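In what follows, chains carry the letters A, B, and so on, assigned in the order in which the sequence lines appear, proteins first and then strands, with residues in each chain numbered from 1. The model shown is predicted, which means the values in this text are computed figures rather than measured ones.
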There are 2 protein chains.
Amino acid sequence: MCARTIDEIFYIFAQNQRNATQTEQIKVPVRVRIKDIALKAGVSTGTVDRVIHNRGNVATKVKEHVERVMTEMGYKRNLIASTLAYNKTLRIAALIFDQDDPYWFQINQGLEKAQEATLHYGVNLDTFFCDQGNPVMFQKLATEIVESHPDAVLVAPLFLKEGLHFLQLCAKKGIPVAIINTQMPKAKALCYIGQDSYQSGFIAARLLNFGMKKKATVLLLNLDPGPTNAQHLLDKERGFREYFKDDGKSITVLSENFEQYRDQKALKSWFIKILGKYKDLSGVFVTNSRAYMLLDCIDKRYFQDIVMVGFDLVGPNIEYLKSNRINFLINQNPVLQGYLGVINLVNHLILRQEVAQIQYLPLDIVVRENCDYYTRANVSYPATIF
Amino acid sequence: MCARTIDEIFYIFAQNQRNATQTEQIKVPVRVRIKDIALKAGVSTGTVDRVIHNRGNVATKVKEHVERVMTEMGYKRNLIASTLAYNKTLRIAALIFDQDDPYWFQINQGLEKAQEATLHYGVNLDTFFCDQGNPVMFQKLATEIVESHPDAVLVAPLFLKEGLHFLQLCAKKGIPVAIINTQMPKAKALCYIGQDSYQSGFIAARLLNFGMKKKATVLLLNLDPGPTNAQHLLDKERGFREYFKDDGKSITVLSENFEQYRDQKALKSWFIKILGKYKDLSGVFVTNSRAYMLLDCIDKRYFQDIVMVGFDLVGPNIEYLKSNRINFLINQNPVLQGYLGVINLVNHLILRQEVAQIQYLPLDIVVRENCDYYTRANVSYPATIF
DNA sequence: ATTCTTTTTGTGTGCGCGCACAATAGACGA
DNA sequence: TCGTCTATTGTGCGCGCACACAAAAAGAAT
């Protein structure tokens, strides 16, 4: 009675129907089980199992036959049952940066969301926080992580050299790695989830360019502690400059790093100096989420005719966006980066699904009027794995 | 040995570890099972089960005790096991519109994606396609659907009256409904997933306004068959007009319906006439995904000084966006609308989770430079339920 | 033909939960 | 005290799969 031939793949829906008051019978595709394959192929479930998982020890002839029956009947592994029976835990180690920074706080929110969603799949997330601008600490945490033998790793490799080293270590140990935030083309990881930095710089330029005069100076500003050798910053700058190359105007692109951005006075006097030097400064592009820090210490009136473009929907940025002091923000979707980073590892390791190697998140253009829709968390990225 | 007291909620991770070469022991939170609760509370699993599901037939004292133990130990239902054991099928009937229209094609793609993702949860999706501009057919299909006793319904209530009627029928039968695309404030449904139409009209206006002269005329154009009584169109127009009310300029907003949009000649001559009448026409806002239809039949040179804003990333629109004939598109995320519509019903019925009643999708501003990131399907909306 | 390997195939148990049904205790009247 | 009825509690099976182990069949060697 559990027997189902290929011709019986459809069964009467009413049987399983809860409110089976209806007499009308509706046919519904039924899920084919290992048992059904075994019966049809005239073997035991164990043999089918061996074929499915390529465990070997199956006569070639039998194997082929079973495979044929499987495709005929359209077998699909039941992920629910499979996961339940698999019954393994998975430890993921994540290496990100200190949560004082609202951007990294949001990344971590994504991680926590993912942890919650995957708890039932036996996923355990260990998150390590590195101080920004501290490659030594990064190196140390990386070593610690590798030595703790995690099943998978998620990392934001802000430091070029140390990041690469970490990835190589993981590769040697056979630990799959998901990269977020900063792409590392040279490294072979399971996947990268984040933005196309080059293109984000390009778009930033385009947004600055809206209504800009024929001749002007624009400033690309890195507010980063320590040396900015992160790949994504270099790419952003490339994209930014590229746009102005052939826009038909005559725009001078100035690019500057300012490391002591936490020192308001220093930042202020430095920027005022820039303003004095470049009288036609009409656009500022802050390459990370710290645009607000510049605005915090410089008076409104200096920005009268300057278009501001920044990154990320962090609290202070949003305020400036709403008060029209920032014109555009490009959303890097930190929450989704963290979330998808974990999800992809789980997809790979537990659900054994293919994952795309490069997953560029959209470059959301955020203005005052559509800002709320990106910040409100009312859209339920499914709270549970589908 | 299965016994776990509250103090033993942490156990040694290495036990379950696959590559258990390590000697270091890592503590990991363990998932509490019904069995653990039962043991701790000194009752049987059946009793715990009755408490969890509020099935009654439990002495008040015992019930309270079990509940206390549950919160103490932090019990969380294992969705995997729960779903597997629940073993019910769920038939969802979806009522959307004919797939010839690329927009509705994308909605359906979302539905199919969701069907695939939820197959393991025993979800069966029945999709009904209504002809656009045909309320009679809508009514008929709605009746048919209600009579087939689905477990849940997903609908895009383009027709005000018929939509409301459908929703009332479902409410009477106790069938939960997810609404997409068109909000119906009066109806009480499980949830609405789509855009804030008012705000999308508002943003469209803002985008048109970029670099527009002080005095100009803009056209809001409905290309819809039949009477456009859909709520979302009305809301869009409200938002659109609202923006120009206090922008400090003097913009005349013209709004027109043109039903025979499929007739290229008619559309062309009609639009040329408009152009002749309003010499200062400098912006056109097409309120749905059919902006391309206008461009298809009107020569490029007529649009020299006209900013175009439309909706949706359908093929022809994208082409015009890339060739600079459409300046902005607002993405309504049709795929996600369909996908989340189904997912939310499943979340509600199978996973028995709370779902938010209004889920506004972001108002993505799409320009030539960020278009690809919205169309590429490389970001894996988790292929399986989380 | 017999024994011993090796290959191939079959069977049984458990994952955690939901639910039907069996079992027990308590209440009450005869 | 006993039976009966009801309120409460306990037990067992199945969901579909993964995996360990038992069983059988097929070769290989004597």
Subject >> First encountered from the 5' end of DNA chain D, between V58(B) and K76(A) >> reply: V58(B)
**OP:** Look at the side-chain N and O atoms of K61(A) and state whether any lies under 4.0 Å from the OP1 or OP2 oxygen of dT8(C).
**Re:** no
Subject >> Atom-pair distance (CG on L84(A); C1' on dG16(D)), nearest Å >> reply: 9 Å
**OP:** With heavy atoms under 4.0 Å as the rule, sort T45(B) into base, sugar-phosphate or nothing.
**Re:** base
Original post:
Does H53(A) make a side-chain N or O approach to OP1 or OP2 of dA18(D) shorter than 4.0 Å?
Top reply: yes
Original post:
Under 4.0 Å: is that the gap between some side-chain N or O of T47(A) and OP1 or OP2 of dT8(C)?
Top reply: no
Original post:
Can you find a side chain N or O atom of S82(B) that sits less than 4.0 Å from OP1 or OP2 on dG16(C)?
Top reply: no
**OP:** Please check the phosphate of dG16(C) (OP1 and OP2 only) for any side-chain N or O of R31(B) closer than 4.0 Å.
**Re:** no
Subject >> Below 4.0 Å: OP1/OP2 of dG16(C) and any side-chain N or O of Y86(A) >> reply: no
Original post:
Taking atom C1' of dC15(C) as reference, at what distance in whole Å does atom NZ of K35(B) sit?
Top reply: 9 Å
**OP:** Side-chain contact test, heavy atoms from C-beta onward, threshold under 4.5 Å: evaluate it for Y75(A) versus V48(A) and give yes or no.
**Re:** no
**OP:** Quick one: label R50(B) by what it contacts on the DNA or RNA (base, sugar-phosphate, nothing), any heavy atom closer than 4.0 Å.
**Re:** base
Original post:
Within the pair K63(B) and dT8(D), is there a side-chain N or O less than 4.0 Å away from OP1 or OP2?
Top reply: no
Original post:
To the nearest Å, how far apart are N57(A) CG and dT5(C) P?
Top reply: 18 Å
Original post:
Side-chain N or O of Y75(A) less than 4.0 angstrom from OP1 or OP2 on dC17(D)?
Top reply: yes
